Amino acid sequence: MDIRNLLRQSYLFAGVSDGDLDRLAEISRLRTARRGEVLFADGDEAEGFFIVASGKVKIYKLSPEGKERILHIIHPGWSFAEAAIFGDGRYPAYAEPLATSELLFLPRTAFLDLLARHNQLALNMIGGLSRFLRQFVTQIEELTFKDVPARLARYLLDLACSADHVELPISKTQLASNLGTVSETLSRTFRRLSDEGLIRVAGKRIDILDREGLIMLSRTCKE
């Protein structure tokens, strides 16, 4: 696997010089992680951050009762845990592959040293963290102001982009956790959207039948 090309595809490092890519490649390490392997736990010392080359990784929190709440699903080309290398240097959640995944690991000390010596890398890092923050704020707004049908509609639209169908990349149980609900409520919501002619569900395949209707639903707020 070409580490330089993987780094170049990450939004964190878009626009950096070839020289900076070489420096990043020198400190990076490829790692294979199996499904279910805990990459790090909430509160662990942050030794570095990751970029997904293949597979997918879930980021989640556990309640005191042990109930899992998925915060993000990380797909190829995306990074995770980069914010943890700053501040108190602790991982704020758990990370676990949902399938066997190839990951690129960038160690904290070596990476921070590069940031101190190369301004463009630092600027790119700020941009990447800002993008993550915007996504997190959007997620909080969705959970606060929108009900499950609106959240599901937005998720399907984002996943589909301009396509007329999607394949769910995660199980419906995991999707329920990601949307801040439970499996039973998600199943009822899928049935509702199907009954209203907005989508057709066939296993993990979801056909988009009424895009405009989904858009309108995604914009509605809780009463």
Side-chain angles (χ1 to χ4, degrees), residues 33-44 52 55-76 78 80-81 83-84 91-101 132-161 163 165-211 213-223:
R34 304 298 178 187
R35 178 181 178 181
E37 175 184 346
V38 177
L39 300 172
F40 53 77
D42 189 351
D44 283 353
V52 178
K56 50 183 176 286
V57 174
K58 67 176 178 180
I59 309 298
Y60 63 97
K61 298 279 283 186
L62 291 177
S63 71
E65 297 77 26
K67 184 177 181 180
E68 182 180 291
R69 167 74 170 92
I70 295 178
L71 302 176
H72 306 285
I73 303 294
I74 313 298
H75 297 279
W78 288 77
F80 63 97
Y91 292 119
Y94 293 81
E96 180 182 317
L98 292 170
T100 297
S101 303
F132 173 82
L133 180 59
R134 287 195 299 272
Q135 290 177 330
F136 191 71
V137 169
T138 298
Q139 184 181 29
I140 296 300
E141 290 176 343
E142 294 272 330
L143 291 172
T144 302
F145 299 115
K146 296 189 177 181
D147 57 15
V148 176
R151 284 180 241 157
L152 178 58
R154 173 46 54 196
Y155 176 86
L156 294 175
L157 289 167
D158 289 344
L159 190 63
C161 294
H165 72 275
V166 299
E167 292 284 338
L168 295 179
I170 54 178
S171 71
K172 290 179 181 177
T173 299
Q174 291 163 343
L175 176 56
S177 176
N178 195 26
L179 295 177
T181 188
V182 295
S183 297
E184 293 80 4
T185 300
L186 181 65
S187 295
R188 288 196 298 269
T189 305
F190 269 117
R191 286 196 297 271
R192 170 185 160 181
L193 270 58
S194 297
D195 292 343
E196 293 178 357
L198 300 176
I199 62 173
R200 179 169 53 240
V201 181
K204 284 195 170 185
R205 178 185 169 109
I206 311 295
D207 293 315
I208 308 298
L209 303 180
D210 184 355
R211 181 176 297 274
L214 273 184
I215 292 173
M216 291 180 62
L217 177 60
S218 72
R219 293 173 177 170
T220 60
C221 295
K222 294 179 182 178
E223 297 181 357

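All of these numbers come straight from a predicted model, not from anything done at the bench.
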Checking [X] side chain against [Y] main chain: does a donor-acceptor pair fall under 3.5 Å?
{"X": "Asp158", "Y": "Cys161", "answer": "no"}
{"X": "Arg151", "Y": "Leu179", "answer": "yes"}
{"X": "Thr189", "Y": "Val148", "answer": "no"}
{"X": "Asp44", "Y": "Ala41", "answer": "yes"}
{"X": "Ser177", "Y": "Ile70", "answer": "yes"}
{"X": "Lys146", "Y": "Thr220", "answer": "no"}

| Of the options Leu152, Leu156, Ile208, Leu193, which is the one that meets Leu198 in a side-chain contact (heavy atoms from CB on, under 4.5 Å)? |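 Only one option passes, and that is Leu193.
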| said: I'd like to know if Glu184 pairs up with Arg188 as an ion pair, taking the criterion as any Lys NZ or Arg NE/NH1/NH2 lying under 4.0 Å from an Asp or Glu carboxylate oxygen. | reply: no
| query | Can Arg191 and Asp195 be counted as an ion pair, charged N to O under 4.0 angstrom? | reply |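 Looking at Arg191 and Asp195, the cut-off is not met.
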| Chi angles and distances behind the side-chain contact (heavy atoms from CB on, under 4.5 Å) call for Leu209, His165 | CA-CA 9 Å; Leu209 303 180; His165 72 275; over 6 Å; no
Identify the two heavy atoms, one from [X] and one from [Y], that lie closest to each other, and give their separation to 0.1 Å.
{"X": "Pro92", "Y": "Ala84", "value": "CD-CB, 4.1 Å"}
{"X": "Ala33", "Y": "Pro97", "value": "CB-CG, 3.6 Å"}
{"X": "Ser194", "Y": "Val201", "value": "OG-CG2, 3.6 Å"}
{"X": "Lys172", "Y": "Leu186", "value": "O-CD2, 3.2 Å"}
{"X": "Lys204", "Y": "Ser171", "value": "NZ-N, 3.9 Å"}

| field | Mutual orientation of the aromatic rings belonging to Phe40 and Tyr91 [parallel < 30°, tilted 30-60°, perpendicular > 60°] | value | parallel
Working to the nearest 0.5 angstrom, can you tell me the gap between [X] [atom1] and [Y] [atom2]?
{"X": "Asp210", "Y": "Met216", "atom1": "CG", "atom2": "CE", "value": "9.0 Å"}
{"X": "Glu96", "Y": "Tyr60", "atom1": "CD", "atom2": "OH", "value": "4.0 Å"}
{"X": "Ile73", "Y": "Leu175", "atom1": "CD1", "atom2": "CG", "value": "9.0 Å"}
{"X": "Arg192", "Y": "Thr185", "atom1": "CZ", "atom2": "OG1", "value": "12.5 Å"}
{"X": "Lys56", "Y": "Arg35", "atom1": "NZ", "atom2": "CZ", "value": "9.0 Å"}
{"X": "Phe190", "Y": "Ile206", "atom1": "CZ", "atom2": "CD1", "value": "4.5 Å"}

| request: Give the C-alpha distance, both sets of side-chain angles, the deciding distance and a yes or no for side-chain contact (heavy atoms from CB on, under 4.5 Å) between Ile74 and Phe80. | output: CA-CA 7 Å; Ile74 313 298; Phe80 63 97; 3.9 Å; yes
| query | Would Leu98 and Val57 satisfy side-chain contact (heavy atoms from CB on, under 4.5 Å), going step by step from the backbone distance to the final call? | reply | CA-CA 5 Å; Leu98 292 170; Val57 174; over 6 Å; no
| Does the pair Leu214 and Arg211 meet the rule for a side-chain contact (heavy atoms from CB on, under 4.5 Å), with working shown? | CA-CA 5 Å; Leu214 273 184; Arg211 181 176 297 274; 5.6 Å; no
| field | Passing candidate, side chain to side chain donor-acceptor pair (under 3.5 Å) with Glu68, options Lys61, Lys58, Gln174 | value |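 It is Lys58, the one option of Lys61, Lys58, Gln174 that forms the side chain to side chain donor-acceptor pair (under 3.5 Å) with Glu68.
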